[in-house]
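Within every chain, numbering begins at 1; the chains are lettered A, B, ... in the order of the sequence lines, protein sequences first and strands thereafter.
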There are 2 protein chains.
Amino acid sequence: MTEEPPRPDGRQRLIQSALALFADRGFDGVSVRDIVTAADVSVGLISHHFGSKDGLREAVDAYFIAQFEEVVTASPGQDGGGAQIAASQWVDDWITRHEGEAGALFGYFRRALLDESEWGAAIFDRFYNIAQTLVTRLDARGQIRPDVDRLWLPFLMIYLELGTTLLEPHVRRILGRSGFDKELWRRRHRAYGQLLRSGYGRQRAARTADET
Amino acid sequence: MTEEPPRPDGRQRLIQSALALFADRGFDGVSVRDIVTAADVSVGLISHHFGSKDGLREAVDAYFIAQFEEVVTASPGQDGGGAQIAASQWVDDWITRHEGEAGALFGYFRRALLDESEWGAAIFDRFYNIAQTLVTRLDARGQIRPDVDRLWLPFLMIYLELGTTLLEPHVRRILGRSGFDKELWRRRHRAYGQLLRSGYGRQRAARTADET
DNA sequence: GTTCAGGCTGAACAATAGTTCAGCCACGGC
DNA sequence: GCCGTGGCTGAACTATTGTTCAGCCTGAAC
């Protein structure tokens with residue numbers, strides 16, 4: 001632990017500094033001089049390695065996706081489906097492994113979904129497919145009540161799953177600590193799974209007659 | 001209907017054009033020349049009316065908040081609480097009233113929550129307070145099961161409520177039409193309320209024993 | 001007709017952005 | 001020693017950005 005590996009080379013430092021800055025202030029909100037200052041290299045190195053600022057972004061994307069693939073692909077019981085929900089422990093470990101960088105990675109993820117990058121769309125579609133498959137499977141087993149809306153259920157699952165990531169700054173402000181805090185993360189996933197299956201109400205069909 | 005009101009003055013056109021562009025590409029992603037071109041005025045008019053691009057942003061914020069206050073404040077049964085959920089019909093009407101501009105307003109709202117503007121935080125806090133109050137009230141009436149997580153429930157409610165707004169481009173891509181489409185909006189709110197109260201499962205305490 | 005005020009113009013300006021390129025330095029093979 | 005090779009530098013360049021300001025135009029007041 002005390003034996004730190006040698007300082008990564010300029011190329012790697014550029015990618016990691018850029019990732020952190022993009023996550024924090026967005027691509028347009030960061031100048032190349034901000035990046036090279038953070039990475040402690042010269043301006044020229046960006047075009048030398050990546051051709052342009054946009055080239056750097058692509059490299060950062062690739063780097064991010066590499067870390068991200070770990071989470072989605074290598075998930076235990078990779079045939080998709082229920083594993084998605086049960087994987088919270090696994091994500092927990094991933095966060096521990098990426099300590100220090102995890103915040104930036106989640107921040108970058110948030111921006112990707114909101115800035116409509118091409119692969120941000122691809123990632124959302126992936127989530128949608130996973131949720132959709134899960135719903136189909138549960139339905140086939142008769143585990144979903146007939147009156148549940150099949151169109152919106154996958155989306156609502158995704159909202160619950162991604163909510164903390166998308167709104168992290170606000171959640172942190174109110175809770176006083178990061179929503180990616182290990183304990184909070186685990187507890188949230190338990191609450192989320194429970195709400196999905198059973199709701200909060202006492203009576204199942206508690207039709208409170210406030211609309212329609 | 002055919003009797004269109006006279007073209008709004010430059011100041012107003014600037015605010016509305018800027019709102020639409022900011023919503024679409026973000027504050028930093030839009031140049032003052034983009035804005036004046038869209039508003040069909042000259043560059044000088046921005047500093048003439050607003051002093052600077054930042055001054056314009058403030059004016060846009062004020063304009064947006066004015067439209068937004070309508071939704072939150074004037075909500076029927078304004079003592080907060082259950083009205084929040086029951087208000088879907090009301091929001092429905094609001095969308096109709098702001099036809100054409102509604103997309104930009106929601107887009108601007110999305111950015112506000114993500115760019116961490118001061119008042120984006122204020123708006124989130126407002127949502128949190130509404131959800132929190134609702135939970136407390138339901139709890140006092142004994143309408144929430146004891147095993148439900150009181151800390152996360154308000155957040156999960158917010159995620160469900162804001163999810164479509166935050167992820168609108170992706171939802172639209174998959175569904176083939178806007179999530180703010182009247183019919184979809186209504187249907188989604190029904191699904192959301194039902195899921196909250198009862199979940200999707202058949203047995204209430206369906207402890208599927210996949211974790212802890 | 002003169003004056004004044006207010007909405008508006010757009011060429012010109014200074015600052016900042018991303019990009020270029022001639023060349024430095026350290027290291028390994030000859 | 002010499003010669004590459006590859007990572008890296010940073011002053012200089014160009015395009016674009018936000019901002020300025022002298023002045024135009026219109027309509028109401030005198």
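Under the rule for a ring-ring contact (aromatic ring centres under 6.0 Å, His included), the partners of Phe64(A) that lie at least two apart in sequence or sit in another chain are Phe68(A), Tyr108(A), Trp119(A). Residues meeting the salt bridge (charged side-chain N to carboxylate O under 4.0 Å, His left out) test with Arg97(A), sequence neighbours left out: Glu70(A). Scored by the side chain to side chain donor-acceptor pair (under 3.5 Å) test, Ser178(B) finds Glu168(B) as partners (sequence neighbours excluded). Remark: Arg111(A) engages Asp115(A), Asp115(B) in a side-chain contact (heavy atoms from CB on, under 4.5 Å) (not counting sequence neighbours). Residues satisfying the side-chain contact (heavy atoms from CB on, under 4.5 Å) test with Ala121(A), not counting sequence neighbours, are His170(B), Arg173(B). Listed by chain and residue number, Gln16(A), Glu101(A) satisfy the side chain to side chain donor-acceptor pair (under 3.5 Å) test with Tyr63(A) (two or more places apart in sequence, or in another chain).
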Would you tabulate the side-chain donor-acceptor contacts of residues 33-44 of chain B under 3.5 Å, counting partners in other chains and residues two or more places apart, or write 'none'?
{"unit_1": "Asp34(B)", "atom_1": "OD2", "unit_2": "Arg25(B)", "atom_2": "NH2", "d": "2.9"}
{"unit_1": "Asp34(B)", "atom_1": "OD2", "unit_2": "Ser31(B)", "atom_2": "N", "d": "3.1"}
{"unit_1": "Asp34(B)", "atom_1": "OD2", "unit_2": "Ser31(B)", "atom_2": "OG", "d": "3.2"}
{"unit_1": "Thr37(B)", "atom_1": "OG1", "unit_2": "Arg33(B)", "atom_2": "O", "d": "2.6"}
{"unit_1": "Asp40(B)", "atom_1": "OD2", "unit_2": "Arg7(B)", "atom_2": "NH2", "d": "2.9"}

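Identified under the salt bridge (charged side-chain N to carboxylate O under 4.0 Å, His left out) test for residues 149-158 of chain A, with sequence neighbours left out: Asp139(A)-Arg150(A), Asp149(A)-Arg187(B). Judged as a salt bridge (charged side-chain N to carboxylate O under 4.0 Å, His left out), not a single pair has a partner in residues 10-24 of chain A (not counting sequence neighbours).
Leu56(B) has its CG atom 16 Å from the C1' atom of dC8(C), to the nearest Å.
The nearest pair of heavy atoms linking Leu184(A) to Gly179(A) is CB-O, 4.3 Å.
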Distances for protein N/O vs nucleotides 14-18 of chain C N/O pairs under 3.5 angstrom?
{"unit_1": "dG18(C)", "atom_1": "OP1", "unit_2": "Lys53(A)", "atom_2": "NZ", "d": "2.6"}
{"unit_1": "dG18(C)", "atom_1": "OP2", "unit_2": "Val32(A)", "atom_2": "N", "d": "2.8"}
{"unit_1": "dG18(C)", "atom_1": "N7", "unit_2": "Arg33(A)", "atom_2": "NH1", "d": "2.8"}
{"unit_1": "dG18(C)", "atom_1": "O6", "unit_2": "Arg33(A)", "atom_2": "NH2", "d": "2.7"}

Letter per nucleotide, 5' to 3', of nucleotides 20-25 of chain D [B base touched, S only sugar-phosphate touched, - untouched; heavy atoms, 4.0 Å]: B-----

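Between its two ends, the helix from dG18(C)-dC13(D) to dC30(C)-dG1(D) turns its axis by 0°, counting five pairs per end and rounding to 10 degrees.
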